[in-house]
Amino acid sequence: MKEVTVKPSRNNRFRTIARPFAGFWLPALIVIVWQWLSYAGVLNRTLAPSPYRVAIEFWDLLISGTLLHHLRISTIRAMAGFGLGAAVGLVLGVAVGFLRPVEKSIDPSFQMLRTIPHLAITPLFVLWFGIGETSKVLLIALGAFFPLYINTFLGIRSADKKLFEVTRVLNFSIWKQITRLIIPSALPNILLGVRLSMGVSWLGLVVAEMMGSSAGIGFMINDARQYSQTTVVYVGILIFAVVGKLSDSLVRLLERHWLKWRDNFQG
Amino acid sequence: MSDIQLQIDNLSKSFHTDKGSVQALHDVDLQVERGEFITIIGASGCGKSTLLKLVAGLDTDYEGSIELNGKPIPGPGINVGFVFQEPRLFPWLNVENNIAADLSVSKGDVRGRVNELLEIVRLTPFAKSYPKELSGGMSQRVAIARALLREPEILLLDEPFGALDAFTRAHLQEALLEIWHRKQRTMILVTHDLDEAVFLANKVVVMNSRPGTIRRIIPIDLPFPRKKNSESFQAYRRKVLGEFEQADEL
Ligand SMILES: Nc1ncnc2c1ncn2[C@@H]1O[C@H](COP(=O)(O)OP(=O)(O)OP(=O)(O)O)[C@@H](O)[C@H]1O
Ligand SMILES: [Mg+2]
């Protein structure tokens, strides 16, 4: 076979350069307009401080170490909660996916629990576990559990019966059936579950930190609100947005690497 | 002296569903000698796929007996290979890993056999390609190579070339015959195509439908390589066609 190399056309080259920034122009535009409106004096300085002042605040918080301190604590909480919830979700999702009796006995209960909103259980968690780290991590874990549980279950059940027949005529061992058929076919759903779980973990983190804590980004926001330090509130919100997006991008990177065999509509 | 490898006696199979039961096979008797090439031809729904699945051990719920080398078939095994009507490749494995399937291509002996098979099905340049990058005919060739890797005693093929164009089909028929000559494996191939049935077989099995029974077994005494437009080939073709048409009228 001969390799044919095609020179990228000018248009093509432009696209490859522009692609990583394609998602940035909208936020950038908003910031510019916002700054301009603040400068023109249209916006209330306390309610909507200018992006410039938010940036200064960000810098100050960064230099003083406050920001990193809160971020570190929040990250540890979110990761602990996500890790616990995701691990249990994955294991139970696999069990329920594989074994019909397990599905029959536990899935209905989980489906019921799933519909209860976070905020409704928060008081209960505080009563049971106090307002320490345990109840925070558990609250986050609870949220992270469901997306991964449901998607793992779904992914395992989406394994093609015809491919399953192939593994039987080729005499696959149970182990090979799991590693060469079930896991790869469940992987797209599992990764989607991970992304959703991570998103929910950040949401759970805010709820947990606002219900009472002495550190963390959620605390920082809440604390600043009481003293009307709006710029700090904005910095906190921005941090949530950026960290959330970064963690999501990380999983999407894995997706692109592990799921390159997929033959789906790419838009 | 004949060497019976597969012996099927009084084989019957019914499917039971909510709407009642369907008898797919009734009293099927068939003997297959080692190294034979059998083709099975019959109308759609006459039970050809059902018969192959029973021989492969994919379904063990039947009446009568199926014996491989004098022993009943307990379930799917490596001594019976199966090529399905569709390629059924694993989309997440590339061509060589699909052929190796549950084995590891990094092992020396597997590597060697995979390379040999890639050569036979003429897919060496595509060893690292994923199924989404292959055409239908290429995928089917991968499926055939995958079945051959385990060197099954019997290879069952369920309309393996059904969805292919005439040109690719002819090429794969040649390739299959070449493998058959080289490896001396027993082949049982289901087809809808009269020419294909006569071109490949030592014996053509013509089936009746509803319930599926064997109508006639026609030995094809033509030397290989066969010419599809030769007079003797056409004579056999007419003979099989005659049986086939009568079977249809029933
Ligand atoms: N799983 C099943 N449940 C119920 N009935 C079935 C099942 N599989 C096959 N049948 C019935 O058994 C009969 C034979 O089916 P089979 O698939 O063996 O036909 P076939 O000869 O392979 O047809 P084709 O040439 O169209 O592939 C059909 O009447 C079909 O309705
Ligand atoms: Mg069929």
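Residue numbering restarts at 1 for every chain, and letters A, B, ... go by the order of the sequence lines.
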Greatest number of heavy atom pairs closer than 4.5 Å to chain A - which of B:Ala56, B:Ala143, B:Ala101: B:Ala101
Atom CD1 of A:Ile174: over 12 foreign heavy atoms under 6.0 Å: no
Minimum side-chain heavy-atom gap A:Lys260-B:Tyr130 below 4.5 Å: yes
Part of residues 107-124 of chain B lying next to chain A, heavy-atom separation under 4.5 Å: none
Flag side-chain contact, heavy atom, 4.5 Å: A:Glu165 against B:Lys53: yes
Where B:Pro76 and A:Arg168 come nearest, the two heavy atoms and their spacing: CB-O, 3.2 Å
From CG (A:Leu163) to CZ (B:Phe84), nearest 0.5 Å: 9.5 Å
Point-to-point distance, once rounded to the nearest 0.5 Å, from CG of A:Leu187 to CH2 of B:Trp92: 10.0 Å
Student check: side-chain heavy atoms of B:Phe90 and A:Val166 closer than 4.5 Å: yes
Point-to-point distance, once rounded to the nearest 0.5 Å, from CG of B:Leu93 to CH2 of A:Trp261: 9.5 Å
From A:Gln177 atom CD to B:Asp102 atom CG, the distance as rounded to the nearest 0.5 Å: 10.0 Å
Between CG on residue B:Leu103 and NZ on residue A:Lys176, distance to nearest 0.5 Å: 7.5 Å
More than 12 heavy atoms of other groups within 6.0 Å of A:Phe110 CZ: yes
N/O donor-acceptor pair under 3.5 Å between A:Lys162 side chain and B:Arg88 backbone: no
Portion of B:Arg150 that has a non-hydrogen atom of chain A nearer than 4.5 angstrom: side chain
Part of B:Leu89 within contact of chain A (heavy atom distance under 4.5 Å): backbone
A:Val169 vs B:Val80 side-chain heavy atoms within contact, under 4.5 Å: no
Residue list, salt bridge (Lys or Arg N to Asp or Glu O under 4.0 Å) with B:Asp158, at least two apart or on another chain: none
Under 4.5 Å from any heavy atom of chain B - which part of A:Ser185: both
Contact origin within B:Glu86 toward chain A - heavy atom pairs under 4.5 Å: side chain
